[in-house]
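Data first, discussion second: the structure below is written as structure tokens.
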Amino acid sequence: MIRRGIGSALAVAAVAGLVYTGAVVRDSAGPAPREESVAATTSTVKVLTWNVCGESGGCRAQNQPDTQAARIAGLATAKGADAVFLQEVCGNDAENDKAHDPNKTADKSLVTLLGEKLPGWSVAFLPYTRPAESRFGTEVPVAPGATVPYPPRYPAAQATSDFRCRGKDLIGVQGIAVAVKGTFGERQDYEFHSPKPGLFVKALCVRRTSGTPVRLCTGHLTPKGEDQDPRAGFSYRAEQVLRFGELVGDGHDTVFGGDFNSRPPDDTKSPEDSTVLAPLYAKYRECEQGASGTARKGSGTMWDDVAQDQRTDRKYDYLFTKSSFGSCEVLTDPALAALSDHLPVIGTATVTTG
């Protein structure tokens, strides 16, 4: 889940005959040129995803970035992971450090600490926010041919400060991250439309350049209950899933996942979720489906809010690829419940690159 409503002032939809413009792409480094064709190679890659709730507020380890970073690094090493997807982490230290708040006692964010604890790895970070000044003056449709100004969530240019990681023990801003064993080259940042201005629903993709040249993408979608825009009359969460599928494309060389804030299609506990992730299950294979499974459901990836070391049946966290998974595990050690309300998921995916 996301602790605050996340969204974009870029919402564009037409109530009559839905028109959706899709993702805004910011490609920070184009694909590396290839001088000659490379034969296709099939190999495996092991990926871990975890929403660590690494931001002060209602998070369980809200002021323990070093402890969380150490546990993430420990799991990645012990499980032999090639990559780690993270949601709700603090990074970009200089955007919210002691120069911004003299009461801060921390010197490093979770993302910086993780990079130090995983020597030989590379970490990419993407904040949820974008510059405050770009959130003003946007219009949203309310009827065919009619629009109204989309009000900014904040009245001042310092809007971004509300998404700085809170508490004296945390520096940086909130976002998502991909850690890769070795190096990565191509990187792409995506923004998805969302019903609320302020935080932006985003996805981050990198292509590994050492070992298997797999493309790795993570995202964090709008929470259930916050995805309906009464002015546009549709679910942005469902649209975000479609856009995620578009950016992944065929997906034969890609592993993607994260906190999608939705139960699987065949989970009868939440009928309203039955169609949200269906497009991904139709095109790709989810980690818990293994090599040949067809059931569109899985194990719970959320701890209970009250009995905090008790696992619930809610699956919100996913890993997908085009081909199959040779293994999949939801890490259920009760000690992990002290660090986040989500359980980590790790899977070994088969990908074809070249």
Separation between CG of L126 and CG of D189, rounded to the nearest 0.5 Å = 4.5 Å
Shortest non-hydrogen contact from Q174 to R164?
-> NE2-O, 4.2 Å
Determine yes or no for a side-chain-to-main-chain donor-acceptor pair under 3.5 angstrom, with Y128 supplying the side chain and I176 the backbone.
-> no
Please identify each residue that fulfils salt bridge (Lys or Arg N to Asp or Glu O under 4.0 Å) with D107, with sequence neighbours left out.
-> K98
Sequence neighbours excluded, the answer for side chain to side chain donor-acceptor pair (under 3.5 Å) partners of K108 is E116
Beyond-backbone contact of R285 with K322, side-chain heavy atoms, under 4.5 angstrom = no
What do the steps show when you test K168 against D101 for salt bridge (Lys or Arg N to Asp or Glu O under 4.0 Å), and what is the final call?
-> CA-CA 8 Å; K168 63 183 180 61; D101 182 354; over 6 Å; no
Find the distance between OG1 (T105) and CG (N63) and round it off to the nearest 0.5 Å.
-> 8.5 Å
Results of side chain to side chain donor-acceptor pair (under 3.5 Å) for D317 - residues two or more places apart only | T301, H342
Looking only at heavy atoms, the pair that brings V345 and V330 closest together is CG2-CG2, 4.2 Å
Which atom pairs, one a donor and one an acceptor, fall under 3.5 Å between side chains of residues 74-83 and the rest of the protein, sequence neighbours left out?
from: T77; atom 1: OG1; to: A73; atom 2: O; distance (Å): 2.9
from: K79; atom 1: NZ; to: E329; atom 2: OE1; distance (Å): 3.2
from: D82; atom 1: OD2; to: K46; atom 2: N; distance (Å): 2.8

Heavy-atom closest contact (S327 atom, T348 atom, distance) | OG-OG1, 2.9 Å
Would you please test C217 and T254 for side chain to side chain contact (heavy atoms under 4.5 Å, CB included) and show each step?
-> CA-CA 8 Å; C217 302; T254 303; 4.2 Å; yes
For I346 and L331, run side chain to side chain contact (heavy atoms under 4.5 Å, CB included): C-alpha distance rounded to whole Å, both residues' side-chain angles, the deciding distance at 0.1 Å, then the answer.
-> CA-CA 8 Å; I346 187 166; L331 306 183; 4.1 Å; yes
One should read off an interatomic distance between D341 CG and C53 SG, to the nearest 0.5 angstrom, of 5.0 Å
Side-chain contact test, heavy atoms from C-beta onward, threshold under 4.5 Å: evaluate it for L247 versus C205 and give yes or no.
-> yes
Less than 4.0 Å between a side-chain N and a carboxylate O, is that true for K283 and E246?
-> no
For T183 and T209, does a side-chain donor sit closer than 3.5 Å to a side-chain acceptor?
-> yes
Residues two or more places apart in sequence or in another chain: which of them pass side chain to side chain donor-acceptor pair (under 3.5 Å) with T312?
-> none
Does any N or O in the side chain of E288 come within less than 3.5 Å of the main-chain N or O of S299, such that one atom is a donor and the other an acceptor?
-> yes
Can you list the residues that meet the side chain to side chain donor-acceptor pair (under 3.5 Å) rule with D93, with sequence neighbours excluded?
-> S109, T112
So does D253 pair up with R207, basic N to acidic O under 4.0 Å?
-> yes
How long is the gap from CZ on F184 to OG on S122, to the nearest 0.5 Å?
-> 6.0 Å
So do V84 and T49 actually touch side chain to side chain, heavy atoms under 4.5 Å?
-> no
Got a sec, which pairs hit salt bridge (Lys or Arg N to Asp or Glu O under 4.0 Å) with one end in residues 210-223, sequence neighbours left out?
-> none
Excluding sequence neighbours, so at least two apart, what forms salt bridge (Lys or Arg N to Asp or Glu O under 4.0 Å) with D266?
-> R296
Find out whether V351 and V255 are in side-chain contact, i.e. whether some heavy atom of one side chain is under 4.5 Å from a heavy atom of the other.
-> yes
For D333, what residues pass the salt bridge (Lys or Arg N to Asp or Glu O under 4.0 Å) criterion, not counting sequence neighbours?
-> R71
Do any pairs count as a ring pair (Phe, Tyr, Trp, His ring centres under 6.0 Å) and have a residue in residues 242-274, sequence neighbours left out, and if so which ones?
-> F192-F244, F244-F256, F244-F260, F256-Y284, F256-F320, F260-Y318
L336 vs P344 side-chain heavy atoms within contact, under 4.5 Å = yes
Any donor-acceptor pair under 3.5 Å from Q87 side chain to N51 backbone = yes
Which pairs, with at least one residue in residues 68-124 and sequence neighbours excluded, count as a ring pair (Phe, Tyr, Trp, His ring centres under 6.0 Å)?
-> none
Of the non-hydrogen atoms in N96 and C165, which two are nearest, and what is the gap between them?
-> ND2-O, 3.0 Å
Report the distance from atom CG of L277 to atom NZ of K315, rounding to the nearest 0.5 Å.
-> 9.5 Å
Minimum heavy-atom separation for F125 to V89, with atom names?
-> CE1-O, 3.7 Å
Under 3.5 Å donor-acceptor, Q64 side chain and A61 backbone | no
Between the main-chain N or O of L339 and the side-chain N or O of Q68, is there a donor-acceptor pair closer than 3.5 Å?
-> yes
Are the side chain of S43 and the backbone of T212 linked by a donor-acceptor contact shorter than 3.5 Å?
-> no
Rounded to the nearest 0.5 Å, the CG atom of D273 sits from the CZ atom of R314 at a distance of 11.5 Å
Partners meeting salt bridge (Lys or Arg N to Asp or Glu O under 4.0 Å) with R263 (sequence neighbours left out) | D267, D313
T222 side chain near N261 side chain, heavy-atom distance below 4.5 Å | no
Heavy-atom closest contact (L113 atom, P65 atom, distance) = CD1-C, 3.9 Å
Do K224 and R237 touch side chain to side chain, with heavy atoms closer than 4.5 Å?
-> yes
Note, R208 side chain near P213 side chain (heavy atom, < 4.5 Å) | no
Determine, using the 4.5 Å side-chain heavy-atom cutoff (strictly less than), whether I171 and V123 are members of one ILVMFWY cluster.
-> no
Donor-acceptor pair, R60 side chain versus Q308 backbone, under 3.5 Å?
-> yes
Do E286 and Y281 pass the side chain to side chain contact (heavy atoms under 4.5 Å, CB included) test, and can you show the C-alpha distance, the side-chain angles, and the key distance before you say yes or no?
-> CA-CA 7 Å; E286 206 277 323; Y281 276 89; 3.7 Å; yes
Side chain to side chain contact (heavy atoms under 4.5 Å, CB included) between R311 and L343: does it pass, once the steps are laid out?
-> CA-CA 9 Å; R311 182 184 180 187; L343 288 76; 3.9 Å; yes
